[in-house]
Amino acid sequence: MPRSSVNDVSTHIDLNKLKKYGSSQTGVSVRKRSSSDMANMIAVVRDNMATVLQKKEKAVMKLKSAAEAAMKQYGPYKEFIDFEEVNYFNAKKVVIDRDLKDVEEEYWPKIKGTIDYLPTTDLWDFNRNNLQLNPNTSTVHVPTNIYDKSMKILNGVQWTENLTQQFIKNSKVDPTLTWQYFCSSDGFFRVYPGMQWPRDPEKVDIFDCRMRKWYIQAASTPKNIIILLDTSGSMTGKRFTIAQSTVSTILDTLSDQDYFNIIKYSTAPEYVDPCFNGTLIPANVDNIRRMQDKILDISTKDQANLRDALTVAFQLFAEEEKLGSICNKAIMIITDGAPENYVDVFNSTNWPEKATRIFTYLIGKEVADDRKVKWMACVNKGEFTHISTKADVQENVQQYIKMLSRPLAQNKSNHHVWGAVYLDYPTDKSDIQSQPFSLLKDRIDAAYEPGTEFKGLGLVISFARPVFDTRTAVGKTEEEPSKNLLGVVGTDVRINDLVKLIPAYKLGVNGYAFAVTNHGYVLFHPGFRPFYSTDPHDKTLKLRPKYNSVDLSEVELPYGHTASKGHPLRQYLLTAQEGSNNKTVTMLTHFDNMVSSVYNVDNMVSSVYNVDNMRRVRLQKNHYQFTAVDNTFRLVFVLPENYGDKYLKIEKRAASFSDDEFFRAMLSPDSKLHFAPWIYCTDKNGMHVAMSFDVFNASFYSSTEYECDQDQVRHLLFDAVHTEHYASQWNGSRYNPSGRTSQPDNPVRSQCLLPNNNWTQAVRAKCVQQLYTKRYTASIKSLYYQRAVYGWQEGLKYVFFLDLSKESTSWQVIMAAAEVVGKQPKLEMPVAVSAFRMSHDVFAEIFNNNTGFCPSKHHCPFTCANSDMMNCYLIDNNGYIMAVNNNETQVRDCFAACSLIYVRNWIVWVTGYHRPVHVTELGKIRRLIYMYMRNWVVWVTELAENREDGCWVVWVTVG
């Protein structure tokens, strides 16, 4: 078979006709990026992110002051309030315009005249799925297990009404603010803008703001908790079910900054998990879930020996103190009673300092004597709680947090926290769906949610502060003001609002950025994907169980890493001072989110866990530059060796223009230029401004009205000017495969040029072109741009891959080539990618026509035309199928998703042999593989390897 059989398509699609872009221009040069360049680049982003965070901190500080002033002005709680006199929007009961669709229009005025009607407007169009909110008021949520007409709630609702005005003032000062809220220690939740609470008729609303991590962290300082669980025979049955629920709920109140362990006791104390004997363990998601599972397997028997259990607990705390632990300490005792007070134990271990608080939870409806259990809590600065039913658990458990907040209240501490990443509640309760073809003009996507649709903010981090009681006089039943925590105020920051500040065009196609918390958990990373799909035909996405505690070591994968040696980057980032990592680390970099196991050459890694069904893997050496952002998280820039250390320098003289009409046309809605959804300019308030001629013109002349990235605007201008005549290069030629009697439709559906800056120059060939440009507006982060550059690094002139158009349910072939500039080999770099799109049917016909004949100089017993005797496959440079010589459904359904190992196993299956088939060196079919099975042989042989296009033709013969 001739070598031309593989690259036949390229002879009919001449990429050279498009290579005018990379010519040398005055004022344009390829520069070597130094470590100081990287340091300056990350410093700018760090400062911008810090400004965003500091604005939120100031807003929350104003909320704290407003809340404390409002409470002081309100004075002592009223003993009686008529519910009818308290006017507020109950978030769970309000009616909005969307609810009136099923109501006859004549009843609308009556409904709108009630207190339950909440006028709303569309706000925060982050996902083309607007939230219906009211920017002029706040709404209140009361947990299901709390009576919303109780005097505590009514008093709290009244005095916090004044917070609404501060909410509005904050949003005017900083329009980028999202949710602002106050969570009362009594349980109600006031949130702005006013909203209707997410409803699910099939589920009970179990939301309690006091159980949110931001509340728990803000309301108390880091703590060490030991839980003593009574597993004696008297706890058998319903009591132990309640006890298990109590332990599980206590664990849910812990955060990443806390440590804990659980000791069960009957005749003798015993750690619930033997792996953690004699130590406190971090309260991360993995450990909490592990312990929650462990307590479900515990059985009850014998008599209780609380004395020995207390002794073991105090000994454990003593050992931790030797290691320097100074956290709050508490012992939680879950039991149905105690035979004595254990004065001698407390006297020798906890008195007189009483450094360890004792919290006791008495389980069961009928309890003979609670005096000893209550006494133990009271004399050890703790609290006694009686839990009669499972429904009482959550409300009673969380009370200990308020007790632990007393030191903060007494000292009027300036305590504040930035919490871990999580989904805001509206997003968590909405249907998250995939929308891969969305044309995102007003929204900047982070890597974790490309093409997703939901109601809410998506992933956020929260800033929160405790609110203390500053009154001088209180009611008879109220707590002493000096010890009273009123609640917690806070606001959320979208992760995307941080990601959009990163100049993706400066990092390049192979470069990326990520951020981790001080505990090593990922805030954002290209490999961090919290959503997943179980059915490729279903748009509904699910949330991964551990999405908010993904460790850096799970997404940044070093080559040759072993657990015993430790992650070469993680510990360095968390402990070193900011700067660059001198050590070059070879990492595994993933792209193209599809399927399958991972294989790579030279036995580097035998297999890698599939993170979010990632499909392709390559090795690259990375340089890391990192810095701390406002002492909140670590920001890291990653640039690959060789390609990543170069950039295209465009001086101002190379980016001048005089034709206003050209740029008006370029920025018009009908333009063939499609801009990537990046931040080009912001207004004085820091809000993203859509690119228009007026903005562009103002930015070019350094207007003070907008703040623009001048370097990015300069690249945009240069690219636009020097690709103005790109469309004229399209000659509209049609290709007629041999054997056809009539001329087919033009196989090349569309073509485009993507500079490495921020836009797509597209030539409209047919209506299908619009779909193409919608899918690939992200420019350098598009799959075909990445693959073209990777191909250039590997010596390939161009690459192929398959793409499925879901609107037409037909496969399309994408062919891309990197355009290179640079006079010296060491300073060469891709600056753009030319790409074509064509029908796969035509592509497959070209493949079949060129593999179905035998060259005159060869003797061929049969060719790929004999599909009953031979299966022929065209595979890409990662081993995935692009074309096949038969129409078997199982193979055709595998295009671009299945590797050759699947096909081989399928061949074995259809012939009746279920013996496992092993394939080595899958990505590069380098040698003949013989496999003897009974009386037949399966062999795979490489017929042609064309290093110019990265495709291989493979014969798989069964005989």
Side-chain angles (χ1 to χ4, degrees), residues 143-146 187 204 206-208 210-213 215-216 219-220 223-255 258-266 269-273 281 283 287-301 304 306 309-310 313 329-338 356-368 370 372-374 376-378 380 382-404:
T144 303
N145 62 331
I146 295 179
V204 177
I206 60 173
F207 178 86
D208 188 332
R210 296 168 297 175
M211 299 298 289
R212 306 296 277 185
K213 297 296 184 184
Y215 179 91
I216 295 167
S220 62
K223 50 192 175 291
N224 292 341
I225 301 292
I226 297 177
I227 301 172
L228 302 182
L229 176 59
D230 186 349
T231 58
S232 62
S234 62
M235 291 286 287
T236 302
K238 190 174 182 180
R239 285 185 178 180
F240 197 65
T241 301
I242 298 172
Q244 289 172 317
S245 179
T246 301
V247 174
S248 183
T249 304
I250 292 173
L251 295 180
D252 284 336
T253 66
L254 303 181
S255 61
D258 301 325
Y259 286 77
F260 77 102
N261 210 329
I262 306 175
I263 299 173
K264 61 180 181 179
Y265 68 93
S266 52
E270 184 180 349
Y271 286 92
V272 168
D273 191 334
I281 60 176
N287 289 337
I288 287 174
R289 288 188 176 166
R290 179 186 178 98
M291 287 297 192
Q292 286 174 331
D293 290 339
K294 289 284 185 181
I295 61 175
L296 297 178
D297 297 330
I298 298 175
S299 58
T300 54
K301 61 180 180 179
L306 181 55
L310 283 169
K329 295 178 291 185
I331 295 176
M332 314 291 202
I333 303 173
I334 293 92
T335 182
D336 61 348
T356 301
R357 296 177 184 267
I358 304 293
F359 294 87
T360 55
Y361 298 89
L362 192 62
I363 306 298
K365 283 187 177 181
E366 299 177 0
V367 180
D370 64 0
K372 296 180 178 62
V373 176
K374 186 181 295 185
M376 282 189 286
C378 292
N380 287 285
E383 191 169 66
F384 162 80
T385 302
H386 182 197
I387 301 179
S388 302
T389 66
K390 200 172 179 180
D392 299 332
V393 171
Q394 181 167 300
E395 177 63 20
N396 285 290
V397 162
Q398 62 83 31
Q399 292 297 329
Y400 89 88
I401 298 172
K402 189 170 183 178
M403 180 70 71
L404 291 181

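Excluded from the calculations below are hydrogen atoms, water molecules and symmetry mates; all remaining heavy atoms, backbone and side chain alike, are included. What you are looking at is a predicted structure, and each value in this text was computed from that prediction instead of being measured.
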Beyond-backbone contact of [X] with [Y], side-chain heavy atoms, under 4.5 angstrom:
{"X": "Leu229", "Y": "Tyr361", "value": "no"}
{"X": "Leu254", "Y": "Lys223", "value": "yes"}
{"X": "Phe359", "Y": "Leu404", "value": "yes"}
{"X": "Ile281", "Y": "Tyr259", "value": "no"}
{"X": "Ile206", "Y": "Met211", "value": "no"}
{"X": "Leu228", "Y": "Thr335", "value": "no"}
{"X": "Met376", "Y": "Phe384", "value": "no"}
{"X": "Asp230", "Y": "Tyr265", "value": "yes"}

- Query: Val373 and side-chain contact (heavy atoms from CB on, under 4.5 Å): which partner among Val367, Thr385, Leu362?
  - Reply: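 Answer after filtering Val367, Thr385, Leu362: Leu362.
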side-chain contact (heavy atoms from CB on, under 4.5 Å) test vs Ile331 passes for just one of Ile263, Ile227, Asn380, Thr356, namely Thr356
How long is the straight-line distance from [atom2] of [Y] back to [atom1] of [X], given to the nearest 0.5 Å?
{"X": "Asp208", "Y": "Gln394", "atom1": "CG", "atom2": "CD", "result": "5.0 Å"}
{"X": "Lys213", "Y": "Asp252", "atom1": "NZ", "atom2": "CG", "result": "6.0 Å"}
{"X": "Thr253", "Y": "Ile225", "atom1": "OG1", "atom2": "CD1", "result": "7.0 Å"}

Taking all heavy atoms of [X] and all of [Y], pick out the closest pair and write down the distance.
{"X": "Ile146", "Y": "Gly187", "result": "CD1-CA, 3.9 Å"}
{"X": "Tyr400", "Y": "Ile250", "result": "OH-O, 4.4 Å"}
{"X": "Glu366", "Y": "Arg239", "result": "O-NH2, 2.7 Å"}
{"X": "Ile288", "Y": "Ala283", "result": "CD1-O, 3.6 Å"}
{"X": "Ile334", "Y": "Ala243", "result": "CG2-CB, 3.6 Å"}
{"X": "Glu383", "Y": "Gln399", "result": "OE1-CB, 3.4 Å"}

Give the intermediate values and the outcome of side-chain contact (heavy atoms from CB on, under 4.5 Å) for residues Leu251 and Ile262. CA-CA 10 Å; Leu251 295 180; Ile262 306 175; 4.0 Å; yes
For the backbone of [Y] and the side chain of [X], can you confirm whether one donor and one acceptor N or O come within less than 3.5 Å of each other?
{"X": "Gln244", "Y": "Ile295", "value": "yes"}
{"X": "Ser245", "Y": "Thr241", "value": "no"}
{"X": "Asp293", "Y": "Arg290", "value": "no"}
{"X": "Asp392", "Y": "Ile387", "value": "no"}

Could you walk me through whether Glu270 and Ile298 satisfy the side-chain contact (heavy atoms from CB on, under 4.5 Å) test, starting with their C-alpha distance in whole Å, then the side-chain angles of each, then the deciding distance to 0.1 Å, before giving a yes or no? CA-CA 11 Å; Glu270 184 180 349; Ile298 298 175; over 6 Å; no
**OP:** Begin with the C-alpha distance, continue with both residues' side-chain angles, and end with the deciding distance and a verdict on side-chain contact (heavy atoms from CB on, under 4.5 Å) for Thr231 and Lys301.
**Re:** CA-CA 6 Å; Thr231 58; Lys301 61 180 180 179; over 6 Å; no
Q.
Does either side chain, that of Gln292 or that of Ser248, offer a donor lying less than 3.5 Å from an acceptor on the other one?
A.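 Yes, because at least one side-chain N or O of Gln292 sits under 3.5 Å from a partner of the opposite role on Ser248.
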**OP:** Output yes when Arg210 and Glu395 qualify as a salt bridge under the 4.0 Å nitrogen-oxygen rule, no when they do not.
**Re:** yes
Before giving the answer on side-chain contact (heavy atoms from CB on, under 4.5 Å), spell out for Met332 and Thr246 the whole-Å C-alpha distance, their side-chain angles and the decisive distance to 0.1 Å. CA-CA 10 Å; Met332 314 291 202; Thr246 301; over 6 Å; no
| query | Should we count CG of Leu296 as having more than 12 external heavy atoms under 6.0 Å? | reply |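 Result for CG/Leu296: enclosed.
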